[in-house]
Each structure stands twice: as C-alpha cells, then as structure tokens.
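Whatever order the structure lists ligands and atoms in, that order sets their numbers, starting from 1. All values below come from the heavy atoms of this structure, side chains included, with hydrogens, waters and symmetry mates left out.
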Amino acid sequence: MAQKAIVIGASGYTGAELARILTHHPEFELAGLYVSTNSADANKSISTLYPQLKTICDLPLQPLPEDLTEIAQNADLAFFGTAHEVSANLAPVFLQNNCKVFDLSGAYRVNSESFYQEFYGFEHKHPELLKQAVYGLAEWNADKIKTTDLVAVAGCYPTVSQLSLKPLIEEGLLDVNQLPVINAVSGVSGAGRKASLTSSFCEVSLNAYGVFNHRHQPEIATHLGTDVIFTPHLGNFKRGILATITAKLKAGVSDEQIKRAYAKYYANKPLVRVYEQGLPSIKAVEFSPYCDIGFATKNNHIIIVGAEDNLLKGAAAQAVQCANIRYGYNEVLGLI
Ligand SMILES: NC(=O)C1=CN([C@@H]2O[C@H](COP(=O)(O)OP(=O)(O)OC[C@H]3O[C@@H](n4cnc5c(N)ncnc54)[C@H](OP(=O)(O)O)[C@@H]3O)[C@@H](O)[C@H]2O)C=CC1
Ligand SMILES: CC(=O)N[C@@H](CCC(=O)OP(=O)(O)O)C(=O)O
C-alpha cells in the first residue's frame, strides 16, 4: 500500500516542486497540501498558483488547523517547505504521531542550540530533537537516514558545496591549511516566493551578499569538518546554483587521484554526475535532480565547479531522495 505523503508550505517554490514530484511518485501518495492558517492562498487549487500543474495536480491548499494531531495521524510522511522557525515548531507533533518528517528548512540541520540564536535569530524550542535529526545530504548519510524519523534536508548552497569538496577531504587530497574558497551564484527562487525588494525584477542584478556572515558557512563547515570561506551571490535568473570552489591540493596530488576520489564516492550515486571533461553549467541541471561536478587543476590548486537546481537537488528532489532511502526504495524513484 502506498505511503501517504503531505506537504506543508505547498504554495511555496519548494512546496510546489514537492507536489509535482509526489504526484508522479509510484510509492508515495500525495495525500494533502497545506499552507498557514491565515494564508491568502487558503483553499485555492495549487494549479491556480502554478498553472504548469493544471490537470497534473489540482489539489487544494488547505489551511492548517490549530490542532495538527489528526493531520499527523493520517499521514505516513510529511515534507515541510516552511520557514526555519515554522518547521522547528511543526516537527514535534508529527513525530509524536508516528509521521516521518523531511524538513527542507534549516531548523534541524546543526546539533547546537546556540547556533540557532546566533545564525537564525530565534531560540530553538526543541533542542532534544536536534540530537535525533539526521542531516539529509543523501549521498553521504544514507545509513543514518535509513533509521531516523527526522531528516533535516541539507541546504541548497551546502549541498553543492559539500558534494564537490567531500571526496577530496575524505581522501586527504587537500591542503586544508589554505581554506577552500566557495563562490556561489544562486537564482532568485532561492529566496522563496514571497515578494521582497531585493528579489524584485528591477532590483535583481548580480551581487554578493551575506559576506562572512551567511548561515550556510557554519552549516557547510560543521558537516564538512573543515572551515571554509563561503560567499553567496544573487544572479538575475530564476533557478539554479553554480558554485566555483578554489582549494589548494597537497603537494604531488595528481588529476588521476582526484578522479579516483570522486569515482570512489559517486560511481554508484546516480544523482551526482562527475564530468570526465569540461565544467558544468546551470543549463545542464535546471529542472533536474542532479548535481554536476567538474574540475581543473594547475600549480597545486584545484578549481571545482558544481551545479544544481536549488529547488530540486538543493531542496525538493533531495528531500524525496532521502524519503526513498528511508523507505528502502531505489533512491531515484520518482525523480528521473
Ligand atoms: N527556495 C530554495 O531554493 C530553497 C529553500 N529551502 C528552504 O525550504 C523552505 C521553503 O522555502 P521556499 O519554498 O523557498 O519558501 P516560500 O517562501 O516559497 O514558501 C513558504 C511556504 O510556507 C507557507 N507558510 C508560511 N507560514 C506558514 C506556517 N506558519 N505554517 C504553514 N505554512 C506556512 C507559505 O504559504 P502561506 O504564507 O500562504 O501560508 C508557503 O507555502 C525554507 O525553509 C527554505 O529555507 C531549502 C533549500 C532551497
Ligand atoms: C538566493 C537566496 O536568497 N538564497 C537563500 C538560500 C536558500 C535557502 O532557502 O536556504 P536553505 O537552503 O538554508 O533553506 C539565502 O541566501 O538565504
């Protein structure tokens, strides 16, 4: 029997991607779409907001009631495409009612109470769940994902950054005395659907932001186990992230060793495509669940270029990939 999946925050960009993926998923049945209690979109069909879903998914966006018990009891798994603090407060009632949680926000990604005050600006009300949450970087944490009921899906920039760097760090190929430098450009959908001045059409250009203080720097450094310099940029396109990462190699490391390192970790990982030649672009990954990686070396330095669709491998597709892993399905089920 199909597992009943619901999406909370379904009117948002990642929520709509989840609705689309789950509609086609052969094992998960999309059993409900939810928005906030007083949402301006309450009771509208999702396809009135996203016409590309017309006839594919026309389910209504139901406002959440105050008591979530019944919704939690009737679902096997819930995806949260909600803001960090909203997700932090939603998780307990779902877990208490035996509903598995796949949270796309940052609410459970780092096991440290003070981290949330410092980088997210709110006090975490459920620190006990931080210990229980598993970081949903699917290619690296499958064993732990298989046994948890709370997956904190990795962030968009952290996913492409870590997938690019981790094999080289694990194999000891980098000279970590020189911090890896990650420069990444994101499309505007990374900021979510809600209108804001910085994401409005006439304001968007190409600019760095969050310099030395973006919350994804500590997320990347924590899970990578090494410090990094991370600078995000906002570009004038809708979706996709391109990360250009510069790092120093240990003396004598060859291209062959680097290729072997990537092959060791990703040869059997269908959603990470490592290029034999050339470098990826956003064009190669937009609207797809892949993270593409290419590299070039010179004078003991490596430049790695990683690309993903922020709404898919950086969010909704990786969330479903984690759910597939949790239920023991092929990790790409419903994704490619
Ligand atoms: N956009 C991206 O590229 C990525 C986003 N993420 C994370 O995923 C989460 C969702 O992002 P995104 O889809 O961009 O966000 P959006 O702003 O596009 O959507 C947010 C959704 O949450 C709903 N919502 C707001 N308040 C509540 C509430 N109290 N209870 C239930 N639903 C609520 C909104 O609907 P309404 O206000 O009408 O209720 C809307 O459906 C965020 O935590 C984000 O950080 C992660 C990786 C990538
Ligand atoms: C372009 C843009 O604004 N991007 C967002 C990151 C995307 C996101 O939602 O962050 P998580 O992956 O942590 O959930 C930002 O910089 O805050």
Side-chain angles (χ1 to χ4, degrees), residues 6-19 32-44 46 49-50 61-66 68 71 78-91 93-94 102-110 115-116 119-122 135-137 152-162 184-196 198-199 204 206-211 213-220 223 230-242 286 308-319:
I6 62 167
V7 178
I8 302 186
S11 66
Y13 286 155
T14 62
E17 290 294 345
L18 285 163
L33 300 176
Y34 296 92
V35 288
S36 61
T37 310
N38 299 313
S39 171
D41 295 314
N43 299 312
K44 291 180 188 167
I46 190 172
L49 275 62
Y50 295 92
L61 297 161
Q62 304 175 61
L64 281 179
E66 200 160 308
L68 301 172
I71 292 174
F79 294 89
F80 298 166
T82 42
H84 315 291
E85 197 169 358
V86 173
S87 287
N89 295 329
L90 281 173
V93 65
F94 285 86
F102 297 86
D103 178 25
L104 279 68
S105 87
Y108 288 96
R109 290 183 195 149
V110 174
F115 175 84
Y116 287 92
F119 294 102
Y120 284 78
F122 70 90
Y135 188 59
L137 187 66
V153 182
C156 50
Y157 290 117
T159 293
V160 62
S161 303
Q162 293 177 86
V185 190
S186 171
V188 186
S189 59
R193 182 166 179 261
K194 205 178 282 160
S196 80
T198 43
S199 60
V204 173
L206 174 58
N207 61 280
Y209 66 99
V211 175
N213 60 24
H214 195 279
R215 66 188 189 285
H216 285 173
Q217 191 281 339
E219 181 182 330
I220 297 166
H223 291 286
F230 167 66
T231 310
H233 299 70
L234 185 67
N236 65 352
F237 50 93
K238 287 184 186 173
R239 53 200 289 164
I241 290 180
L242 189 83
E286 61 188 351
E308 69 177 10
D309 187 317
N310 55 299
L311 297 176
L312 292 173
K313 183 59 178 162
Q318 179 153 244

Any idea which atoms of ligand 1 are less than 4.0 Å away from a heavy-atom of [X]?
| X | value |
| --- | --- |
| Ala315 | 47 (C), 48 (C) |
| Leu311 | 1 (N), 2 (C), 3 (O) |
| Ser105 | 43 (O) |
| Tyr13 | 13 (O), 18 (O) |
| Ser189 | 1 (N), 2 (C), 3 (O) |
| Leu64 | 30 (N), 31 (C) |

Among all protein heavy atoms in this structure, tell me which lies nearest to [atom], with the distance rounded to 0.1 Å.
| atom | answer |
| --- | --- |
| atom 19 (O) of ligand 1 | Gly12 CA, 3.1 Å |
| atom 3 (O) of ligand 1 | Asn310 ND2, 2.8 Å |
| atom 11 (P) of ligand 2 | His216 NE2, 3.3 Å |
| atom 42 (C) of ligand 1 | Thr82 O, 3.3 Å |
| atom 17 (O) of ligand 1 | Arg193 N, 3.6 Å |
| atom 12 (O) of ligand 2 | Cys156 N, 2.9 Å |
| atom 38 (O) of ligand 1 | Ser39 OG, 2.5 Å |
| atom 14 (O) of ligand 2 | Arg109 NH2, 3.1 Å |
| atom 44 (C) of ligand 1 | His84 CE1, 4.5 Å |
| atom 46 (C) of ligand 1 | Leu104 O, 3.3 Å |
| atom 17 (O) of ligand 2 | Arg215 NH1, 3.0 Å |

Given [options], which one has a non-hydrogen atom that is nearest to [atom]?
| atom | options | result |
| --- | --- | --- |
| atom 47 (C) of ligand 1 | Gly192, Gly155, Gly314 | Gly314 |
| atom 23 (C) of ligand 1 | Ala191, Gly9, Pro63 | Gly9 |
| atom 40 (C) of ligand 1 | Ala154, Ser11, Gly190 | Ser11 |
| atom 7 (C) of ligand 2 | Gly190, Gly192, Pro232 | Gly190 |

Proximity of [X] to ligand 1 by residue part, where a heavy atom lies under 4.0 Å:
| X | result |
| --- | --- |
| Ala107 | neither |
| Leu90 | neither |
| Ala10 | backbone |
| Ile8 | side chain |
| Ser87 | neither |
| Thr14 | both |

Is there any N or O on [X] that sits under 3.5 Å from an N or O of ligand 1?
| X | value |
| --- | --- |
| Asp41 | no |
| Val86 | no |
| Arg109 | no |
| Ser36 | yes |

- Distance-only N or O hit between ligand 2 and Tyr209, under 3.5 Å: yes
- Item | Tyr157 N/O under 3.5 Å from ligand 2 N/O | no
Checking [X] side chain against [Y] main chain: does a donor-acceptor pair fall under 3.5 Å?
| X | Y | result |
| --- | --- | --- |
| Tyr116 | Glu85 | no |
| Tyr108 | Ala88 | yes |
| Ser199 | Ala191 | no |
| Tyr135 | Ala152 | no |
| His84 | Ser105 | no |

- Query: When you check the gap from the basic side-chain N to the acidic O, do Asp41 and Arg193 get nearer than 4.0 Å?
  - Reply: yes
- Message: Tell me if the centroids of the rings in Phe94 and Phe80 come within less than 6.0 Å of each other.
- Response: yes
- For the residue pair His214 and Phe230, is the inter-centroid distance of their aromatic rings smaller than 6.0 Å? yes
For ligand 2, which atoms have a heavy atom of [X] less than 4.0 angstrom away?
| X | result |
| --- | --- |
| Ala191 | 1 (C), 2 (C), 3 (O) |
| Gly155 | 12 (O) |
| His214 | 15 (C), 16 (O), 17 (O) |

- Query: In terms of ring plane angle, is the pair Phe119 and Phe115 parallel, tilted or perpendicular, where the classes change at 30° and 60°?
  - Reply: tilted
- Task: Walk me through it: do Ser87 and Asp103 pass the test side-chain hydrogen bond (donor to acceptor under 3.5 Å, both in side chains)?
- Result: CA-CA 7 Å; Ser87 287; Asp103 178 25; 2.7 Å; yes
At their closest point, which heavy atom of [X] faces which heavy atom of [Y], and how far apart are they?
| X | Y | answer |
| --- | --- | --- |
| Ala208 | Thr231 | CB-CG2, 4.0 Å |
| Gly240 | Asn310 | N-OD1, 2.6 Å |
| Cys156 | Ile241 | CB-CD1, 3.7 Å |
| Val93 | Leu90 | CG1-O, 3.4 Å |

- Show your reasoning for whether side-chain hydrogen bond (donor to acceptor under 3.5 Å, both in side chains) applies to Thr159 and Gln318. CA-CA 9 Å; Thr159 293; Gln318 179 153 244; 2.9 Å; yes
- Query: Does ligand 1 have an atom under 4.0 Å from some heavy atom of Gly81?
  - Reply: yes
- Do Ile71 and Pro65 have side-chain heavy atoms sitting under 4.5 Å apart? yes
- Message: Applying a heavy-atom cut-off of 4.0 Å, say which part of His233 lies close to ligand 2: side chain, backbone, both or neither.
- Response: neither
- Task: Tell me which part of Leu234 gets within contact of ligand 2: side chain, backbone, both or neither, using heavy atoms under 4.0 Å.
- Result: side chain
- salt bridge (charged side-chain N to carboxylate O under 4.0 Å, His left out) between Glu286 and Arg239: does it pass, once the steps are laid out? CA-CA 7 Å; Glu286 61 188 351; Arg239 53 200 289 164; over 6 Å; no
